[in-house]
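In this text the structure is predicted, and so the values were computed from the model without any measurement.
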There are 2 protein chains.
Amino acid sequence: MTDADVGLRHRKRAAAMARIQAVALDLFDERGYEAVTVEQIAEASDVSPSSVYRYFGSKEQIVLLGEFEFDVSDSRLDDAAGGSPVDVTRQVLRAVMDHLVGDDEERTRRQMRHVMSDPALEAALARQVYAASETLGEVFAARLARPADDLEVQVLAHVVVGALLGGLHHWHGTGFAGPLRDVLDRCLDLLERGLQVGAPITRPTAPAEP
Amino acid sequence: MTDADVGLRHRKRAAAMARIQAVALDLFDERGYEAVTVEQIAEASDVSPSSVYRYFGSKEQIVLLGEFEFDVSDSRLDDAAGGSPVDVTRQVLRAVMDHLVGDDEERTRRQMRHVMSDPALEAALARQVYAASETLGEVFAARLARPADDLEVQVLAHVVVGALLGGLHHWHGTGFAGPLRDVLDRCLDLLERGLQVGAPITRPTAPAEP
DNA sequence: CCTTCATTTGAGAGTCACTGTCAGACGAGG
DNA sequence: CCTCGTCTGACAGTGACTCTCAAATGAAGG
């Protein structure tokens with residue numbers, strides 16, 4: 001094994017993966033996710049179908065690879081030591097967003113459009129998000145010195161991720177208005193401020209609106 | 001068409017579906033979800049594979065059909081008029097639980113064991129739960145007289161469902177200890193009481209965040 | 001430059017979930 | 001008992017995904 005990043009082999013692989021994702025996204029925009037076969041993607045990307053599966057594992061991961069995952073060992077998590085769970089989440093979020101948006105904001109919207117309209121993609125994303133909740137739960141549990149299965153820890157982790165998912169849904173529902181990062185930040189603000197989750201429904205300030 | 005429930009045709013169909021689900025669950029327990037093919041389920045249930053797909057649409061739905069869905073038109077929703085979102089959720093939860101547990105508590109555990117250990121099932125459940133969040137969001141939006149895409153509404157709905165999902169995870173992680181209904185009720189209690197979501201994490205190290 | 005070695009690639013065959021079609025079976029209703 | 005409408009099973013096909021294996025190719029040393 002060479003130094004792990006600077007081999008012709010490694011670079012070719014990375015280039016092929018990027019090419020496949022770009023080509024696939026174009027084809028999906030053109031004809032829709034379901035209507036495009038992996039074989040067609042492979043041919044248009046000058047690789048064999050075998051390689052596509054070797055690289056991505058599944059058709060969904062061509063779209064989702066790397067999205068909405070986070071690295072527990074990210075150094076920024078250490079910076080949040082002593083902070084609240086939401087602080088920790090904000091750090092995690094920053095790491096996720098750098099991956100997500102750092103690359104290309106428009107690209108994320110194109111991905112989301114397909115994710116939200118295809119059942120298979122939606123399911124794959126939902127699973128990925130659920131897995132992220134579990135990881136976040138482990139982080140919280142470690143910080144709070146509680147067992148990972150602790151009810152409060154699990155509820156907390158899933159609630160935080162749920163809030164972000166709500167934001168994602170809002171972002172999609174409003175035609176992807178504004179930067180995703182801001183929307184998600186606002187979601188965490190809402191959580192911190194405390195949702196009026198137990199308050200009787202009397203709508204505080206909302207003016208009548210159809 | 002007859003009165004919709006009391007025809008031989010309808011009864012036969014219902015019986016076949018119940019038989020398929022029971023047979024399938026036995027086979028899954030025996031050999032694992034993935035190792036059992038739909039064709040084998042069909043043969044063991046004395047129906048054709050075509051019928052299995054006609055009844056359930058997909059292999060996953062043999063396990064998941066009806067679980068973790070709720071009926072927006074459930075009469076109990078009206079009883080919660082004027083209550084808080086959590087009250088509404090509690091009513092919804094009661095309706096869901098009556099479906100879920102009303103039938104057979106042990107059966108739910110068997111289902112969950114497979115759901116949690118198979119990626120395809122986990123994804124299907126995650127998607128179903130996500131869809132439930134959307135439905136709940138619509139209910140909340142209507143109650144609060146806000147647009148369905150409203151950020152707070154979406155965050156609220158997804159947070160509530162997230163809390164329940166956290167409870168489900170806890171339930172699974174603790175070997176399905178105690179009635180699921182109680183666990184989920186406690187999750188909603190935690191939400192109402194307000195999670196210490198913004199509170200600094202109690203650690204020996206001194207906090208240094210504003 | 002050339003050889004050797006370790007990986008990676010592409011090709012092909014096979015499995016299985018799922019879809020669409022259609023003729024025959026079988027309740028429903030008279 | 002007979003017609004009519006619906007449901008069922010059989011069949012053929014598609015596409016995602018897996019496995020295996022021989023050929024290609026980058027890495028490393030002479």
| request: Could you walk me through whether Arg146(B) and Glu138(B) pass the salt bridge (charged side-chain N to carboxylate O under 4.0 Å, His left out) test, one step at a time? | output: CA-CA 9 Å; Arg146(B) 292 203 192 182; Glu138(B) 285 164 26; over 6 Å; no

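- Here dT19(C) presents its P atom at 15 Å from CZ of Phe56(B), a figure rounded to the nearest Å.
- If you check distances only, the side chain of Arg11(A) never reaches the base of dG26(D) with a donor-acceptor pair under 3.5 Å.
- Below the 3.5 angstrom threshold, one finds no donor paired with an acceptor across the side chain of Ser48(A) and the base of dA11(C).
- Leu168(B) is listed as a side-chain neighbour of Leu180(B), based on a closest heavy-atom distance under 4.5 Å.
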Between the protein and nucleotides 14-16 of chain D, which nitrogen or oxygen pairs are less than 3.5 angstrom apart?
{"from": "dA16(D)", "atom 1": "OP1", "to": "Lys59(A)", "atom 2": "NZ", "distance (Å)": "3.3"}
{"from": "dA16(D)", "atom 1": "OP2", "to": "Val38(A)", "atom 2": "N", "distance (Å)": "3.4"}

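- Which of dG9(D), dT8(D), dT9(C) sits closest to the side chain of Tyr55(B) comes down to dT8(D).
- When each of Pro49(A) and Gly57(B) is assigned the nucleotide of DNA chain C bearing its nearest heavy atom, the one mapping closer to the 5' terminus is Pro49(A).
- Under the 3.5 Å distance criterion, with hydrogens and angles disregarded, no donor-acceptor pair is assigned to the side chains of Gln61(A) and Gln21(A).
- For the pair Gln40(B)/Glu43(B), no side-chain contact is recorded, criterion being any heavy-atom separation below 4.5 Å from C-beta on.
- Between the C1' atom of dT25(D) and the CZ atom of Arg13(A) lies a distance of 15 Å, rounded to the nearest Å.
- Side-chain atoms of Ser45(B) come within 3.5 Å of backbone atoms of Ile41(B) as a donor-acceptor pair (strictly under, hydrogens ignored).
- Listed by chain and number, the residues in a ring pair (Phe, Tyr, Trp, His ring centres under 6.0 Å) with Phe176(B) are Trp171(B), His172(B) (sequence neighbours excluded).
- In the model, Tyr130(A) has a side-chain atom that pairs as donor or acceptor with a side-chain atom of His169(B) under 3.5 Å.
- A cation-pi contact, defined as under 6.0 Å to the ring centre and within 45° of the axis, links Lys59(A) to Tyr33(A).
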What pairs of nitrogen or oxygen atoms, one from the protein and one from nucleotides 24-27 of chain C, lie under 3.5 Å apart?
{"from": "dC26(C)", "atom 1": "O2", "to": "Arg9(B)", "atom 2": "NH2", "distance (Å)": "3.3"}
{"from": "dG27(C)", "atom 1": "OP1", "to": "Lys12(B)", "atom 2": "NZ", "distance (Å)": "3.3"}

